Enquirer: 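Take a look at the following structure, please.
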Amino acid sequence: MIDLPHTRHSLLVRLKDPADHTAWRTFIDVYAPAVFAFARRHGLQAADAADLTQDVCRNVSTALKSFAYNPDRGQFRGWLFTIVRNQLKMFRRAEARHARVTIDASFVGDLPDASDAEAWDLECRRRLFAWACERVKPTVAAATWQAFWRTAVDGANGDTVAKETGLSPAAVYLAKSRVLAKLRQVVIEVEEP
Amino acid sequence: MVQATCPDASRWEALLADTTSPGEATELESHLSSCSDCRTLLDDLAVGSSAWLRDASRLATPVGSDPALTRTLHRLHDSAVDDEHTIPPIPLDFLSPSDQPGILGTLGRYQVLAVLGRGAFGIVLKALDPDLLRPVAIKVLAPYLASSGTARQRFIREGRAAAAVSHDHVIKIHSIEPSALPYLVMEYVTGVSLQVRLDRDGPLPPNEIARIGLQAARGLEAAHAQGLVHRDIKPANILLENGVERVKLTDFGLARAADDARLTQSGVAAGTPLYMSPEQARGDSVDNRSDLFSLGSVLYALATGFPPFRAGSTMGVLNRITNDPPRPIRETIPDFPVALEKIIMQLLEKDPSRRFHLAADVSFKLTAFLAGPPQEPATSADEADEAEPEHAEPTKWWVVALCLLAAAAMVAIVLTFKTSKGTLVVEIDDPEVKVALDGEELTITGAGPQEVRLKPGKYDFVATKGGKVVKQEIVTITKNGKQVVKVIMEPPSPLPAPVPYAGKDAKKDGPYADLLDERLANVLPDANAEALELMRQAYRDQKSKVAPVRIAGDGPVVSTHSEYPQLQRLMARAAEPTIEGSRLVDSLKAAYDLTNEIWRQTEYAYSSAWHQKFSELEDRYVKQRRRIPENAAGRVINHAPIPADPDSATADLTEPDRGRAKRFLSLRDEFTRRHPETRNMADRFGRAKHELTVRVQQQRSATVSEKDVAAAQEKVRTAEAKLKAEHDAISAILTDMDKVLIEMGAKPEGGTASKSKDVIPPDKRNESPEDRQKRLINEYQALVGRLAKTEAGRVLLIAGPKADLDKLMVGLSAEETIRAKRLLVLRDQFGVLVPAAQKELDRWEKASLTFQDREIKYQAGTISENEFNAAKLEVRQAERALKNAEDGMAGVIADVKKLADELRAPAADAPDPVEGEFKKVMAEFDAITVRLAKTSVGRLLATIPYQTAWGEAELQLAFASSEKAKIDQGRRLLTYRDQVMAQAVRATSAFSQRTYQKEQRLTKKKEDQIPNIDDEIRKCEHDIRFRTATIRGIIDDLKKLADEIDPPDKKNIDPLVPPVDPKVQLQTLRDQLKALEKAEKDYSDLSKRRNDQAAEIQTMEADLVTSPNSKELTAKIDAAKKSLQKTKDDLDTVKSELARYGNKADLQKEIDRLQKAIEAKKSEQ
């Protein structure tokens, strides 16, 4: 269970098939909010962020046509980030075209790459995590989920949680690990680790 | 560290996979409860290479749900290509209930009968107008959108734009109600939409398609002419009026006046994408050609039964629209006419410039398709591959079949022909001659010339006698033309050899003119002299009008006008020697119309500044009318007709009211009399200015002389002087009106809310309420920034709504704690006030809009005074509420400031040297561009904005190819500009980033900050400084270039007008001086005469006193008075003439200077 050979292709490959609607749904559910949040962080109004998200999705579908899947190339996330960044640049340019470039302290422009990429990674992971949680939560018992959540997310002590859930401390730890494993399974469906 | 007694990894894996035996499981579990290392190992195994999952606490942030995001996700998920899913259902509770059966409710004065449908912006209702007893369709803005000021304004604006379109093929908009829930009232049309028809009947026959396309194109023409782009052409928006099956375009719901760029950049992307154009799908800007694409998609759907770009999801459709070519129609419908398919495919070109440019072109092509098979030989590439028509009617030429519609739009009103056939006149003097056309024998019904009506085309005319061919020729029948064939045993006269088009260097029309005349005469023998002259004039006009279109001039760069290539093509076609008949007429007419349009727009561009000035005078007038006080005098003024007889209108008033009212009325009437003429004057000025540029260009190609140029300049000067005089006069009238108003007790100008955004707070006179709110918020944030540097102030930033205040305030002194708590209270207050103020702002905006509208209606007399006053009251109340809210905000800010001072928060950041330097260098750049703006090279900066792709072509369009120096300067200028802007953009990014980092430093806890945040900030500043230095370097070069372009030592040479020959100028000035001297003499003569006449009248009046009944004397006095008046008038005329010539001494000086210059030049040579 450590590193199963990837029998399922990552989302990137599946997206190339226009008939795979599920792949698109997954993509939208997981990444569109990340793009949106990224745009908002960069100071875009909600409406403009929404537009940017749509543009990114559209560009993804176009870019996929000419994309050859190369597992060495790196992660889907990174590839997507390039698109998002370019889209943001284009948006900035269009803005500059409409209004003279003035120094407005509230105008948040492009941040340098280092912290940007980190922020993007974090945002994507957050989305993946949230999405995976949505998928996994209904498949485990309530107590199991609570055990996981309280220990992994809230960082509570195993014994405390054992008392809360009525499980033995060992069972609590096991629950945590098992849920983590399930989350992992879901996550690698979407992207390589 | 894994102890020796710990189970190995494979056991744990098995436990995770639940493949252990129950016994083993229990064993492992109990080990787990005591061994933390194994717990870690277990987790590691669980997450595998996704180690990041371990950091769950950081990952699990609550994700707020933004409604914009939710909507976007819905849209993205749309697998059906129907936009219905994205619209929440709209309840009808905005209607007022009604007792009458069959009526759903009332809206305004309309009785709503049914819901007709839903659109992206609202719903459409069927209603009855109880006054006019006619059914109407009402489109209501969805209530959830009506609360947004922007959406509401857009809706009203669109309604107004669409209402300006009045055309048979566009649904008429009767009225717009700009209330809280705005709605449009439109004509109601019984019939079905094209979508319904398509669903019901399937693909339509080609002629139907062409007919529908033609009508739709005509409707689009009308809308585009108003500057409106529909943006949502689809079968559901094309109605077919019952009975006549007349096309009506509707639902300009997404239409937007093409010049409206002020609303938010993010246009709502709702709407069926199936018929969108590629540029719409990409979110680029759209123009009229986008509608043409959509029309093409619709026609395609009519032809095959389904739209050209289909896919399983919205995304897929947009993709296909942008990238995939449409499948040829003939692959689905094999016998579809090639000609019609060609038209549709051209409409579906991805590149807008490859489509038709105007809806009119589409109409033309469709008409031609409907009119029958093409008759002329291919004269240009596009016609060369037009295939043989497959749908040609097999009617014989002599059958008087009703031909299909002529291209009615094209034929001028001057020409009087009605049908589209031509006449062949056959004259035969020998009865034994037999005549056949295309092999069919023509029956001679008698002696004399035979007239045969034929469809336009070429016919093989063969005359035989006794089996032998005596005459054979190809006869061309043109639409409405008459062709005479005489079978007189004579060889036919040869056609004159075609003369090649002389080109733009020709002085006049050249030898081609005569040929044109003859050809025109042949083509239109029945055309009256007027029509011929029109055609001749059109041809001449084309040549003179098109060439100057290439100058940039003061107006827009018309040479990049989108219609210019079209015009070129039409001109080229008209110039071809082999073109003849109706095609020539059509081409000329079309070119003439197009040139007129371009001409008119350019003229308007020249005169627009004056139009604007007069429009401002109008605004002043309107403002003054609003200030008329509500007293007796004011009421009289408001009710007096225009024009009014001052005495009778004010009969009921007493002095001093009466005097004032009379004065006001006469001023008002004077204004209303003079003002309408100003438009014509401005137009004349525009025309004169344009003519001047034409003459200059013509002078360059030596078709006119310097005198002509000077004359044109004079015309411009005169027109401008007249305009200025008129403007000043009208301005003076308005000032006088103002004086009277104040006497009558009205408030001084600027005292009331006149334009919608003029609430005047006591301290900032010219601030709009929006700006004021923004300013207040900025002030608040600046204070917060200051406070952040104190311990107590930091609490303000860190404390969330449920924060543990005691914990946070642990390090503060007692006093600080009190203040900190107070700050938090103030912060919460402010947090409530801001949205409240925003609400009041919306309410006030809405009230102002209503008020404006009501005011116009009240002045027009369509609503009562009560309604008007109600609107006024609403505005006042809204203003008061707004002021209260903003005062509240200001109050909080004042308190916060006091606390900040008490806490000794350091003052706002010291002036930022980095920002200062950058601003300075950009100001220098601005100064240079402004300085260069008055030169023709400098104007390039405006016409070719930053990040427009430009190349040599653009430069050569702006200047004639002989001006190499200017082209070079232009190139360098643009390059420098682009370089500076590129650096400036990056510097601005760096600024923003620095601000962001500073904010982070303030607001985030140390642990959450990026390490070395101060280094990051320093890096940004370094970047900015670097860019500033780069820009400075470029500006040094730019300054040198600017000096080249605009030499500071020479006098300002107007680049448009070439220097006039000094000798000619001298003569002109001498003439002026002579005229001036004559005027002076006249003036003194007239003055003397006036004085004499006045004295005489005085004497006579004195005599009259002694003999009051002398009729003779009275008559004499009257006559003398009349002469005196005439003298006075003459005197005024001379006075204004003198004013025109200016100062005599200056004139003399100029003459002397010129003389010296000429003599100097002579001695040089």
Side-chain angles (χ1 to χ4, degrees), chain A residues 1-3 18-19 21 24-25 28-29 32-33 36 43 45-51 53-55 57-58 61-62 93-98 101 103 105-112 115 125-126 129-130 133 152-155 168-171 173-174 176-178 180-181 183-184 187-188 193, chain B residues 13 15-17 29-30 32-33 39 42-43 45-50 52-54 56-57 59-61 63 66-69 71-73 75-77 79 261 264-266 269 283 311-313 315-316 318-319 322-323 915 918-919 945-947 981 984-985 988-993 995-996 1010:
Chain A
M1 215 149 64
I2 301 179
D3 268 311
H21 293 307
W24 270 109
R25 294 216 121 89
I28 291 166
D29 283 338
F36 188 84
Q45 302 173 30
D48 291 330
D51 275 358
T53 311
Q54 277 195 282
D55 288 340
C57 293
R58 201 167 29 242
S61 82
T62 316
R93 247 185 265 148
E95 255 192 356
R97 213 180 306 163
H98 284 143
V101 174
I103 309 167
S106 60
F107 170 97
V108 184
D110 293 338
L111 302 184
S115 66
R125 282 179 174 160
R126 281 195 173 133
F129 181 77
C133 283
V153 178
D154 291 340
S168 71
Y173 295 127
L174 190 57
K176 175 187 177 199
S177 303
R178 281 212 172 116
L180 275 177
L183 288 174
R184 202 241 165 178
V187 162
I188 59 171
Chain B
E13 277 180 31
L15 183 61
L16 272 177
E29 278 181 39
S30 64
L32 205 52
S33 48
R39 289 204 285 271
L42 187 60
D43 281 347
L45 292 171
V47 300
S49 45
S50 308
W52 57 274
L53 276 171
R54 298 289 301 277
S57 59
L59 298 170
T61 48
V63 179
D66 193 310
L69 174 60
R71 271 202 294 278
T72 312
L73 290 178
R75 244 180 260 143
L76 289 170
H77 273 306
S79 51
T264 170
Q265 281 174 302
S266 52
S313 65
M315 207 62 56
L318 292 175
N319 219 342
T322 330
N323 301 320
E915 193 172 347
F918 180 72
K919 278 196 167 147
Y946 178 56
Q947 290 190 328
M981 288 305 285
V985 169
T988 312
S989 290
F991 267 116
S992 324
Q993 199 220 327
T995 312
Y996 180 72
I1010 313 176

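Note: hydrogens, waters and symmetry copies are ignored here, and every other heavy atom, side chains too, is used. These figures come from a predicted structure and were not determined experimentally. So you know, we letter chains A, B, ... as the sequences are listed, proteins then strands, and number each from 1.
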Enquirer: Quick check: closest heavy atoms across B:Ala56 and A:Phe129, and the distance to 0.1 Å?
Expert: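 Where B:Ala56 meets A:Phe129 most closely, the heavy atoms are CB-CZ, 4.0 Å.
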Enquirer: Quick one: closest heavy-atom pair of B:Arg54 and A:Leu180, and the distance?
Expert: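 Closest approach of B:Arg54 to A:Leu180, heavy atoms only: CD-CD1, 4.3 Å.
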Enquirer: What distance do B:Leu318 atom CG and A:Cys57 atom SG have between them, rounded to the nearest 0.5 Å?
Expert: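 If we round to the nearest 0.5 Å, B:Leu318:CG and A:Cys57:SG are 11.5 Å apart.
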Enquirer: Would you kindly say whether A:Ser177 and B:Arg39 are connected by a side-chain donor-acceptor distance under 3.5 Å?
Expert: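 No, no side-chain donor-acceptor pair sits under 3.5 Å.
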Enquirer: For the pair A:Arg184 (side chain) and B:Leu45 (backbone), establish whether a donor and an acceptor sit closer than 3.5 Å, ignoring hydrogens and angles.
Expert: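 Side chain of A:Arg184 to backbone of B:Leu45, a donor-acceptor pair under 3.5 Å: no, none is there.
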Enquirer: Which heavy atom in A:Arg126 sits nearest to a heavy atom in B:Leu59, and how many Å separate them?
Expert: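 Scanning both residues completely, I find the closest heavy atoms to be CG-O, 3.6 Å.
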Enquirer: Show the nearest heavy-atom pair for residues B:Ser50 and A:Ile188, with the distance to one decimal.
Expert: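 Between these two residues, the closest heavy atoms are OG-CG2, 4.0 Å.
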Enquirer: Looking at residues at least two apart in the chain, or sitting in another chain, which of them share a side chain to side chain contact (heavy atoms under 4.5 Å, CB included) with A:Asp55?
Expert: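 Side chain to side chain contact (heavy atoms under 4.5 Å, CB included) list for A:Asp55, sorted by chain: A:Arg58, A:Gln87.
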Enquirer: Output all residues satisfying side chain to side chain contact (heavy atoms under 4.5 Å, CB included) with A:Ala49, sequence neighbours left out; order by chain, then residue number.
Expert: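 A:Ala49: side chain to side chain contact (heavy atoms under 4.5 Å, CB included) contacts with A:Phe36, A:Ala39, A:Arg40, A:Leu44.
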Enquirer: Which pair of heavy atoms, one from B:Leu16 and one from A:Arg178, lies closest together, and at what distance?
Expert: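 Minimum heavy-atom contact is O-NE, 3.4 Å.
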Enquirer: Is any side-chain heavy atom of A:Leu174 less than 4.5 Å from a side-chain heavy atom of B:Leu42?
Expert: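 Yes, at least one pair of side-chain atoms sits under 4.5 Å.
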